[in-house]
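Comments concern the structure below.
When a residue number appears, it is its place in the shown sequence, counting from 1. Atoms within each ligand, like the ligands themselves, are counted from 1 in listed order.
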Amino acid sequence: MRISRRDFSRLGAMGLAARALPSSSFAEAPGDGKVGYCVIGLGVIADHFMRAVQQSSNSKITGLVSGHRDKAERIAAQYGVPKSSIYSYEDMDKMRENKTIDAVYVALPNSMHAEYTIRSAKAGKHVLCEKPMSTTVSEAEAMIAACKLMQVKLMIGYRLHYDPLNLKAIKLIRDGAIGTVETINGAFGFNAKPNQWRLNKALAGGGSLFDVGIYVLNASRYLTGEEPVKFTGVVSTIDHDGRFDTMEENVSWTLKFPSGVLATGSSTYGAQMSGYFKVFGSKGNLEMGPVYDYSGVRLRANYEGNSPDAPRVVIDETSQDQDPAQFTREAEHFSECVLKNQTPTSPGEEGLRDMQYIQAIYRAAGVNM
Ligand code: NDP
């Protein structure tokens, strides 16, 4: 285990450096072949995840962390979690002694991801953390450093990385089906109801780019397989109805990739916008929409055949996956990484890159993150 001086100073600030040596109870392989998850924050996405785990072959729910004991007890009964494995935010560090918990699923508001990831790592638990990884680049770096230091795995919940149709789109592009990719365009958004944490910058980190625009940004990276090098960004607020007092309503951006591909994206909290992307290449085009939904994801492509006489290829395929299948694939992947000691496809470093690009877009837009 190599810990840099920088890792140490970052962790020192969080009171972690003194605990750098993992205890013998840390991250042992589970006995029954199933990874036991403690879910932290019992909201909407946690419900998808817990149902997904129930359908998985290698994962189970073994602990809960909540600010609402009644709700937690109800859910515990549903999933066969003993009352002794229900924790509050204050005492969740005690899970260190709980051998039935191998990993945590962090399903909290964005600004809480860093603290609860680091505390879980400190308790010797592997961490599957929801997107966006954090609200700042430095938090993301500290999360990676803490998990490295404690020798636990860290994965960010980019569920589309495990979706067969998104993977098919990537393969078609890599195989050159649509020729040289020139531009990508995408968007995602919804009309946000007032009085929720997503509209509170202190809890959300920022506006729609953190929450839904991140899907569009991340897709342009997995579609190109490149990392962007130039950024533009513009923000606006149209609805001055109190919802956007601490953050912007709309964000639009352009990413320039080393190959020259330009990817434009938009996200909003002011309009219902079914998520999509369109990829335009020299031999044809490919699009997905809806692409970020939990089911009914659709891929269409239209491109030249292999020879001048060959007919154009037309693809129109809709995923038969039903919710929560995407989360089952995601949980199974992380559990497999834990069981076989492998690095997840979407590790902390993947989340960190998105945080860096979100910061670059906001900087270009003149907004302080
Ligand atoms: P919810 O508001 O539905 O749930 C968040 C939970 O966090 C609450 O139920 C609560 O659980 C706990 N919590 C602790 N402190 C607070 C606080 N101050 N304010 C509000 N909740 C608090 O949010 P979501 O489930 O929609 O989102 C959670 C995370 O998941 C976010 O990071 C979001 O970006 C991500 N997400 C990912 C999606 C995906 O497809 N991958 C889709 C949707 C969200 P309790 O009552 O048990 O304490």
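- Here the two rings, on Y105 and F334, have centers that are 6.0 Å apart or farther.
- In the candidate list S111, S66, P109, S66 is nearest to atom 47 (O) of ligand 1, counting heavy atoms.
- Between R221 and E226 no salt bridge is recorded (no basic side-chain N to carboxylate O distance below 4.0 Å).
- H48 and F327 have tilted rings, their planes meeting at an angle from 30° to 60° on a 0 to 90° scale.
- Within ligand 1, the atoms closer than 4.0 Å to a non-hydrogen atom of R159 are 39 (C), 40 (O), 41 (N), numbered from 1 in the order shown.
- Here the side chains of V39 and V104 are not in contact, with every heavy-atom distance at 4.5 Å or above.
- For Q326, the closest heavy-atom approach to ligand 1 does not fall below 4.0 Å.
- Within the 4.0 Å heavy-atom cutoff, Q196 does not count among the residues contacting ligand 1.
- The closest approach between a heavy atom of A72 and any atom of ligand 1 is not below 4.0 Å.
- Counting protein heavy atoms only, atom 32 (O) of ligand 1 is closest to N110 OD1, 2.7 Å.
- For the residue pair Q322 and Y294, no side-chain donor N or O sits within less than 3.5 Å of a side-chain acceptor on the partner.
- For ligand 1 and P132, the ligand atoms under 4.0 Å from any heavy atom of the residue are 34 (O).
- Of the candidates Y89, Y292, W197, Y89 brings a heavy atom nearest to atom 13 (N) of ligand 1.
- The part of R198 lying near ligand 1 is the side chain, judged by heavy-atom distances below 4.0 Å.
- The protein non-hydrogen atom at the shortest distance from atom 4 (O) of ligand 1 is G43 CA, 3.3 Å.
- Scanning the protein heavy atoms around atom 25 (O) of ligand 1, the nearest turns out to be I45 N, 2.9 Å.
- Side-chain contact, E248 with Y362: a donor N or O sits under 3.5 Å from an acceptor N or O.
- Taking the side chain as every heavy atom from C-beta outward, K125 and I101 approach each other to under 4.5 Å.
- At least one heavy atom of Y215 sits closer than 4.0 Å to an atom of ligand 1.
- Heavy-atom contacts of H113 reach the following atoms of ligand 1: 32 (O) (cutoff under 4.0 Å).
- Counting only N and O atoms by type, the side chains of H161 and N218 include a donor and acceptor under 3.5 Å apart.
- Considering M133, E330, K71 only, the shortest heavy-atom separation from atom 46 (O) of ligand 1 involves K71.
- The neighbour count for K256 NZ, taken as heavy atoms of other residues, nucleotides or ligands under 6.0 Å away, does not exceed 12.
- By the 3.5 Å distance cut-off applied to N or O atoms, V44 is counted among the residues near ligand 1.
- Here is the list of ligand 1 atoms found below 4.0 Å of a heavy atom in D211: 34 (O).
- Evaluated by nearest non-hydrogen atom to atom 34 (O) of ligand 1, the leading choice among E130, K131, H68 is K131.
- For Y89 and Y116, the ring centers sit closer than 6.0 Å to each other.
- Judged by distance alone, the side chains of Y158 and D354 do bring a donor and an acceptor atom under 3.5 Å apart.
- The nearest protein atom to atom 5 (C) of ligand 1, hydrogens excluded, is given as A107 O, 3.7 Å; this is a heavy-atom distance.
- Neither the backbone nor the side chain of H48 has any atom closer than 4.0 Å to an atom of ligand 1 (non-hydrogen atoms only).
- Considering backbone and side-chain N/O of M112, none are found under 3.5 Å from N/O of ligand 1.
- Geometrically, ligand 1 and L108 share a nitrogen or oxygen pair separated by less than 3.5 Å.
- Remark: ligand 1 and L42 share an N or O pair separated by less than 3.5 Å (distance only, no angle test).
- Considering backbone and side-chain N/O of G67, one or more are found under 3.5 Å from N/O of ligand 1.
- Put simply, the residue from R300, R298, K168 that forms a salt bridge (charged side-chain N to carboxylate O under 4.0 Å, His left out) with E317 is K168.
- Ring-plane geometry between Y215 and Y292 is classed as tilted, the angle between the planes lying from 30 to 60 degrees on a 0 to 90 degree scale.
- With L299 as the fixed residue, the side chain to side chain contact (heavy atoms under 4.5 Å, CB included) test singles out one of L165, D316, T318: L165.
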